[in-house]
2 protein chains.
Amino acid sequence: MSDKLEFTQEVLELARISKALSHPVRIYILLKLSKMDSCCYSGDLVEELPIGRSTLSRHLKELKYAGLIQGEIKPPYIKYCINRKNWERAKKLFACFLDNDLQVSNLLQETESLIHL
Amino acid sequence: MSDKLEFTQEVLELARISKALSHPVRIYILLKLSKMDSCCYSGDLVEELPIGRSTLSRHLKELKYAGLIQGEIKPPYIKYCINRKNWERAKKLFACFLDNDLQVSNLLQETESLIHL
DNA sequence: AAATCATTTCGTATATTTGCGAAATACAAA
DNA sequence: TTTGTATTTCGCAAATATACGAAATGATTT
């Protein structure tokens, strides 16, 4: 084994998605949106949640950045919904993670192979 | 609907567990330990990971706090392994979360019911 | 062009997280 | 009791996360 190792893409992805899920407001939003074909406007959400508009906007931005939701501009609103493709990816990753279906030997790799990304 | 709402236990639990999973080092540790009956000493892990002993200790503490691992003292080592009961709980919660098996109506509840906990 | 509405960005404050090395702790063996 | 080994805690610094209200943005309607 090489001395200096980096995490594989799968490990980094799991950590990144988990981070997006690490706040109750974001869990709530995702649960609501993931209900079959459900979409929401920011204004709908702010009325249900115990936070201000600007703070909600930050949470939505984080979920977008993580790829878990997407926003469609429907002036004067923005309609949010789940990014289905990435949602399925998250589903698969977590299922493998929690069921021990990932190869331990694939959790780390030599730095060299990542340096040039 | 009441004016002031709180998140349900399920939402808070999902966020809390996700937070514990939100760092690559902790994902790595869990993946390694979750392999059937696998246990590790802190010293084993520090040799594989690109972090110092004290930092690793912090990550282990967080995973313990989240209830995902447990440490058994085997002098002069501490043997870490998965907390199977809580691991199964996490599995169940994430499976429901990702498959839309949680009732949206159960995501929030009135503050009163939580105040006296 | 001005007014309006939903949403985001900015500025600020505070709290938490992550990391390291040094010091402290816990335990067993000499 | 002293020594040695494994691990954790402490003190510090830097980075990130969370929250709010005020101001800015984008697009439509008047």
Side-chain angles (χ1 to χ4, degrees), chain A residues 3-7 11-12 14-30 32-33 39-81 111, chain B residues 3-7 11-12 14-30 32-33 39-81 111:
Chain A
D3 190 39
K4 189 67 180 171
L5 296 171
E6 293 279 351
F7 296 107
V11 170
L12 293 174
L14 273 165
R16 195 168 45 75
I17 298 172
S18 296
K19 195 165 159 187
L21 305 181
S22 69
H23 193 288
V25 166
R26 298 195 292 267
I27 291 282
Y28 178 85
I29 294 169
L30 290 171
K32 187 138 200 199
L33 294 184
C39 289
C40 275
Y41 304 115
S42 172
D44 297 340
L45 291 168
V46 86
E47 282 173 29
E48 310 169 22
L49 291 168
I51 56 170
R53 283 165 201 284
S54 59
T55 304
L56 172 61
S57 192
R58 265 184 176 288
H59 286 302
L60 289 168
K61 190 178 175 185
E62 270 195 70
L63 289 173
K64 258 186 296 181
Y65 175 76
L68 295 173
I69 66 171
Q70 55 201 136
E72 186 192 346
I73 296 173
K74 284 229 166 184
Y77 304 94
I78 297 179
K79 198 173 77 177
Y80 287 101
C81 57
T111 305
Chain B
D3 189 40
K4 189 65 180 172
L5 296 171
E6 292 280 351
F7 296 108
V11 170
L12 294 175
L14 273 164
R16 193 169 47 75
I17 298 172
S18 296
K19 196 165 159 189
L21 305 182
S22 69
H23 193 288
V25 166
R26 296 195 291 267
I27 291 283
Y28 177 85
I29 294 169
L30 289 171
K32 187 137 202 203
L33 293 184
C39 289
C40 274
Y41 304 115
S42 172
D44 297 340
L45 291 166
V46 86
E47 281 172 28
E48 311 168 20
L49 291 168
I51 56 171
R53 284 166 200 282
S54 60
T55 304
L56 172 61
S57 192
R58 266 181 178 288
H59 286 301
L60 290 169
K61 190 178 173 182
E62 270 195 72
L63 289 172
K64 259 186 294 179
Y65 176 74
L68 295 172
I69 65 171
Q70 55 199 138
E72 186 192 346
I73 297 175
K74 284 232 172 186
Y77 304 96
I78 298 179
K79 198 172 77 176
Y80 286 101
C81 57
T111 305

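We name chains A, B, ... by the order of the sequence lines, and we start the count at 1 in each one. All figures in this text were calculated on a predicted structure; none of them were measured in a lab.
To the nearest 0.5 Å, the span separating CG on B:Leu49 from CZ on A:Phe7 amounts to 5.0 Å. Atoms CG and CD1, from A:Leu56 and A:Ile51 in turn, are 4.5 Å apart once rounded to the nearest 0.5 Å. Atom CD1 of A:Ile27 and atom CZ of B:Arg16 lie 12.0 Å apart (nearest 0.5 Å). Rounded to the nearest 0.5 Å, atoms NZ (B:Lys32) and SG (B:Cys40) are 5.0 Å apart.
The side-chain hydrogen bond (donor to acceptor under 3.5 Å, both in side chains) search around B:His23 returns none, not counting sequence neighbours. B:Tyr41 meets the side chain to side chain contact (heavy atoms under 4.5 Å, CB included) test with B:Asp44, B:Tyr77, B:Lys79; sequence neighbours excluded.
Side chains of B:Leu45 and B:Val25 form no contact here, defined as non-hydrogen atoms less than 4.5 Å apart. For the pair B:Leu68/B:Leu21, a side-chain contact is recorded, criterion being any heavy-atom separation below 4.5 Å from C-beta on. Between B:Ser42 and B:Ile78, the closest side-chain pair of non-hydrogen atoms is not below 4.5 Å.
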Seminar exercise, completed: Contact string for nucleotides 12-28 of chain D, one letter per nucleotide 5' to 3', B = base within protein heavy-atom range under 4.0 Å, S = sugar-phosphate only, - = neither, reads ----SSBBBBB----SS
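Sorted by first then second residue, the side-chain hydrogen bond (donor to acceptor under 3.5 Å, both in side chains) pairs that include residues 59-76 of chain B, not counting sequence neighbours, are B:Arg26-B:His59, B:Arg26-B:Glu62.
Within 4.0 Å (heavy atoms only), A:Ser57 reaches at least one base atom of the nucleic acid.
Rounded to whole Å, atom P of D:dA6 lies 14 Å from atom CG of B:Leu45. Taking atom CD on B:Glu47 and atom C1' on D:dA6, their separation rounds to 12 Å, with Å as the unit.
Here the range on DNA chain C touched by chain A, meaning any atom under 4.0 Å from one of its heavy atoms, is C:dA6 to C:dT9.
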Problem set entry | Canonical and wobble pairing (Watson-Crick, G-U, under 3.5 Å) of DNA chain C, dot-bracket with | | ||||||||||||||||||||||||||||||
